[in-house]
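What follows is a set of notes on a single structure, which appears directly below.
Each chain gets a letter, A, B and so on, in the order the sequences are listed, and its residues count up from 1. Not measured: the values here are computed from a predicted model.
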Protein chains: 2
Amino acid sequence: MILDERIRVTLADVAAEAGVSKMTASRALRGSGDVSNTNTKKVRQAARKIGYVGNHLASSLSGQRSDLIGVAIPSLANIVFADVLAGIAEAIEGSGLQPVFGVTDYDLGKEYEIIRNMLSWKPAGLIVTGLDQSDDAKRLLANANIPVVQIMDLDGTPVDVCVGFSQRAAGEEMAEALLDMGRKRIAYIGCGVDMDVRAKKRLEGFTERLSRAGLKLAATRIGDGPSGITAGRELTSEVLSEHPDLDCIYYSNDDLAAGGAFHCIAAGLAVPGAITLAGFNGLDILESLPVEIVTSRTPRREIGRTAAKLIVEANNDADKHQSQILKYTPVIEFGD
Amino acid sequence: MILDERIRVTLADVAAEAGVSKMTASRALRGSGDVSNTNTKKVRQAARKIGYVGNHLASSLSGQRSDLIGVAIPSLANIVFADVLAGIAEAIEGSGLQPVFGVTDYDLGKEYEIIRNMLSWKPAGLIVTGLDQSDDAKRLLANANIPVVQIMDLDGTPVDVCVGFSQRAAGEEMAEALLDMGRKRIAYIGCGVDMDVRAKKRLEGFTERLSRAGLKLAATRIGDGPSGITAGRELTSEVLSEHPDLDCIYYSNDDLAAGGAFHCIAAGLAVPGAITLAGFNGLDILESLPVEIVTSRTPRREIGRTAAKLIVEANNDADKHQSQILKYTPVIEFGD
DNA sequence: ACTGGTATCGATACCGGTATCGGTACCATA
DNA sequence: TATGGTACCGATACCGGTATCGATACCAGT
């Protein structure tokens with residue numbers, strides 16, 4: 001494509017075409033009062049005629065604030081965050097806002113850079129994952145003077161708004177549910193790459209609840225590779241060969257648990273007859289699985305939607321914005 | 001959060017602090033020559049000291065081009081596009097570019113608005129899904145004067161660069177593979193919501209190849225609801241009860257196919273002994289499934305990565321950019 | 001005719017950077 | 001000493017919008 005010197009159509013061109021001043025053209029196109037109907041019509045026609053598109057850079061610079069929403073998520077390999085993005089996209093539909101995203105790879109340094117970079121766009125708001133940013137990043141967020149929504153976690157001190165659920169409590173509740181089912185010899189399987197702060201918090205809650213019942217994990221296995229169905233299948237196979245007497249495995253997420261289920265099916269192990277498998281997230285895949293897996297359904301799409309909605313509302317009426325904590329609760333599902 | 005009147009730190013402040021002019025400060029921070037080492041150091045220190053962050057709006061407005069990459073995808077419910085985003089995120093890592101995304105919901109009108117909106121950010125490049133935009137949208141893209149990459153499809157006329165594979169050919173090749181396996185009574189299952197242009201193209205290629213072999217689809221079933229594992233299971237159940245003699249089902253994607261597999265497992269149908277199931281995309285889930293499903297593995301992550309890389313490169317050296325077609329080929333996998 | 005109010009409009013000054021270009025200082029060379 | 005080159009620096013003019021505020025026109029009321 002040859003980058004020819006195309007003339008740029010600016011507001012001044014529209015104004016000239018319509019025979020009014022830049023200012024009147026600006027007002028007419030934004031519908032911000034004080035323009036006669038005649039001129040409004042003339043300007044609109046002129047804009048359409050010469051194909052005026054507008055320049056967000058200029059208007060945002062002038063207004064000191066853009067219509068961008070910054071979103072920092074740790075990964076896109078994890079469906080959970082794709083769902084969060086989907087929720088965000090849904091909530092901002094028609095608001096004129098647009099999401100910019102950055103992937104942190106669970107790295108606090110990258111997260112800091114992403115936040116810093118996003119702030120220099122003077123966004124209408126920021127959505128970041130979790131409560132555990134670096135101190136530098138937290139300082140940036142606190143001083144940013146825009147709505148900041150931290151999502152997916154509640155265990156900590158939010159900077160501004162917080163939309164999520166307690167990862168600790170989710171772990172505890174799952175432990176409780178499994179104990180209620182009479183499980184005693186319980187193993188934990190996670191993945192190093194996926195072993196983020198939140199999975200750790202769940203595990204803490206889980207083991208704490210177990211110890212209150214006088215139990216400890218019968219085995220713990222953290223894979224090196226990335227989380228996924230295949231990894232779950234292999235790790236389960238390994239753990240079960242070392243500990244054939246397990247009656248339950250708690251996985252850090254549903255992908256791993258589904259992999260575990262496939263191993264059990266192949267190995268002829270009845271689930272949940274011989275062994276109970278428990279995951280986390282409530283992915284669609286579990287519903288159709290030929291075996292029953294326990295899981296905590298996380299309202300991730302709702303969280304994304306709510307977070308974005310808060311920013312949209314603050315954008316429409318800045319006074320309405322206030323720091324708050326919106327608490328969701330994952331629901332335990334038994335797969336039947 | 002109280003929006004207090006915080007003073008904004010600008011380049012002028014940095015310059016004052018360092019005792020130089022705005023211009024020298026600007027040059028020093030960007031490392032764009034003609035600044036003495038002493039001053040460079042002074043400016044850097046001053047910037048750090050007063051916590052200068054920079055303003056992308058101002059620099060982009062001045063430079064007529066921003067460091068944003070616009071991405072238009074049809075949906076985030078479909079993992080495929082999350083993978084594309086992941087590839088994009090991967091490719092722009094460290095380039096200073098940031099992705100803005102918009103979800104079109106397979107709606108040409110929304111797509112046009114998204115493209116228009118993105119263009120008004122003067123992005124460094126645009127990545128849009130498919131070749132079938134509205135004429136208005138195509139005109140915008142053609143006149144945008146920036147690299148435009150259309151992804152995931154090849155069947156049509158690209159605006160600028162095109163990175164993808166032929167959906168028609170993918171359909172044909174799957175038909176060929178199934179014919180080679182001796183399948184004769186073949187049904188197609190898709191979903192209305194997911195019945196986008198590309199799925200249609202695959203189906204066209206598929207049926208055309210069948211008819212070259214003197215065959216037609218034994219049944220076609222398009223569900224009303226959204227695509228997914230659950231839908232696949234139900235649709236398969238319905239189709240098989242009406243046509244118990246089928247020896248093969250081709251699904252518009254792997255989610256549906258996996259659902260079909262679960263139905264067959266539950267119904268005691270041997271796969272691929274009694275019936276062959278074929279999907280599309282090559283999702284991770286299939287690998288661990290206790291049955292073998294045929295699928296075309298699409299290089300969606302690579303496509304995202306390549307598309308973004310082209311824009312990153314054009315951004316570094318505009319002259320290097322040229323219209324081209326980068327062709328990928330989905331590989332058929334037999335699930336074993 | 002004079003006053004006050006309302007509706008409409010436009011000149012001007014920004015927003016916070018960067019490109020440009022014309023200095024200035026200093027050194028080597030003739 | 002005059003001259004030319006190099007390294008460095010900063011005043012100025014933008015980029016393309018919008019906020020602000022003063023100007024103008026016109027009408028009703030007295």
Side-chain angles (χ1 to χ4, degrees), chain A residues 5-43 46-47 50-68 96 117 119-124 145-146 318, chain B residues 5-43 46-47 50-68 96 117 119-124 145:
Chain A
E5 268 321 307
R6 170 172 307 282
I7 37 88
R8 289 183 298 265
V9 178
T10 73
L11 188 61
D13 300 322
V14 177
E17 176 73 28
V20 297
S21 74
K22 259 174 68 178
M23 215 37 241
T24 301
S26 171
R27 284 195 268 250
L29 290 178
R30 284 178 300 150
S32 78
D34 275 10
V35 183
S36 65
N37 287 335
T38 345
N39 274 339
T40 303
K41 219 171 294 170
K42 267 199 281 187
V43 170
I50 65 180
Y52 174 68
V53 171
N55 186 328
H56 272 151
L57 295 171
S59 58
S60 302
L61 174 61
S62 177
Q64 315 266 354
R65 198 162 50 76
S66 73
D67 288 336
L68 258 15
N117 204 337
L119 282 178
S120 74
W121 286 107
K122 308 289 165 192
N145 245 344
I146 54 171
Chain B
E5 267 321 308
R6 173 170 306 280
I7 38 88
R8 290 181 298 264
V9 179
T10 74
L11 188 60
D13 301 322
V14 177
E17 176 73 27
V20 298
S21 72
K22 259 175 66 178
M23 217 34 240
T24 301
S26 171
R27 284 195 268 249
L29 290 178
R30 284 178 299 149
S32 80
D34 275 9
V35 184
S36 65
N37 287 334
T38 345
N39 274 341
T40 304
K41 219 171 295 172
K42 269 200 279 189
V43 169
I50 64 179
Y52 174 67
V53 172
N55 186 328
H56 271 153
L57 295 171
S59 57
S60 302
L61 174 60
S62 177
Q64 315 267 355
R65 197 162 50 78
S66 73
D67 288 335
L68 259 16
N117 205 337
L119 282 178
S120 73
W121 286 107
K122 309 288 167 194
N145 243 343

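- Side-chain N/O atoms of A/Ser59 and base N/O atoms of D/dG17 include no donor-acceptor pair closer than 3.5 Å.
- At least one side-chain nitrogen or oxygen of B/Ser36 sits closer than 4.0 Å to the OP1 or OP2 atom of D/dC9.
- In this structure, A/Arg27 reaches the bases: a heavy-atom distance under 4.0 Å links it to at least one base atom across the strands shown.
- Atom OG of B/Ser120 sits about 8.0 Å away from atom CG of A/Leu57, to the nearest 0.5 Å.
- Here the P atom of nucleotide C/dG16 and the CZ atom of B/Arg8 are 5 Å apart, to the nearest Å.
- Of the residues B/Val20, B/Leu29, B/Thr24, the one that meets the side chain to side chain contact (heavy atoms under 4.5 Å, CB included) test with B/Val35 is B/Thr24.
- For C/dG17, the base has a donor-acceptor partner in the side chain of B/Lys22 [N/O atoms by modelled type, under 3.5 angstrom].
- At the phosphate of C/dA19, OP1 or OP2 sits under 4.0 Å from a side-chain N or O atom of B/Arg30.
- Residue contacts for A/Asn55: at a heavy-atom cut-off of 4.0 Å it reaches the sugar-phosphate backbone alone, with no base atom in range.
- Using a 4.0 Å cut-off, some side-chain N or O of B/Gln64 falls inside it from OP1 or OP2 of D/dG16.
- Phosphate contact (OP1/OP2 of D/dG17, side-chain N/O of A/Ser26, threshold under 4.0 Å): absent.
- Straight-line distance from the CG atom of B/Leu11 to the P atom of C/dG17: 5 Å, rounded to whole Å.
- Atom-to-atom, NZ of B/Lys41 to P of D/dC8 comes out at 13 Å; the value is rounded to the nearest Å.
- Per the geometry, CG belonging to A/Asn37 stands 12 Å off C1' belonging to C/dA7, to the nearest Å.
- Nucleotide D/dC21 holds its C1' atom 11 Å from the CE atom of A/Met23, rounded to whole Å.
- Under 4.0 angstrom from either OP1 or OP2 of D/dG10 there lies at least one side-chain N or O belonging to B/Thr24.
- In this structure, CG of B/Asp13 is placed 9 Å from P of C/dG17, rounded to the nearest angstrom.
- Listed pair B/Ser21 / D/dG10 meets the phosphate criterion, a side-chain N or O lying under 4.0 Å from OP1 or OP2.
- Within the 4.5 Å cutoff, the side chain of B/Val14 has heavy atoms near those of the B/Ile50 side chain.
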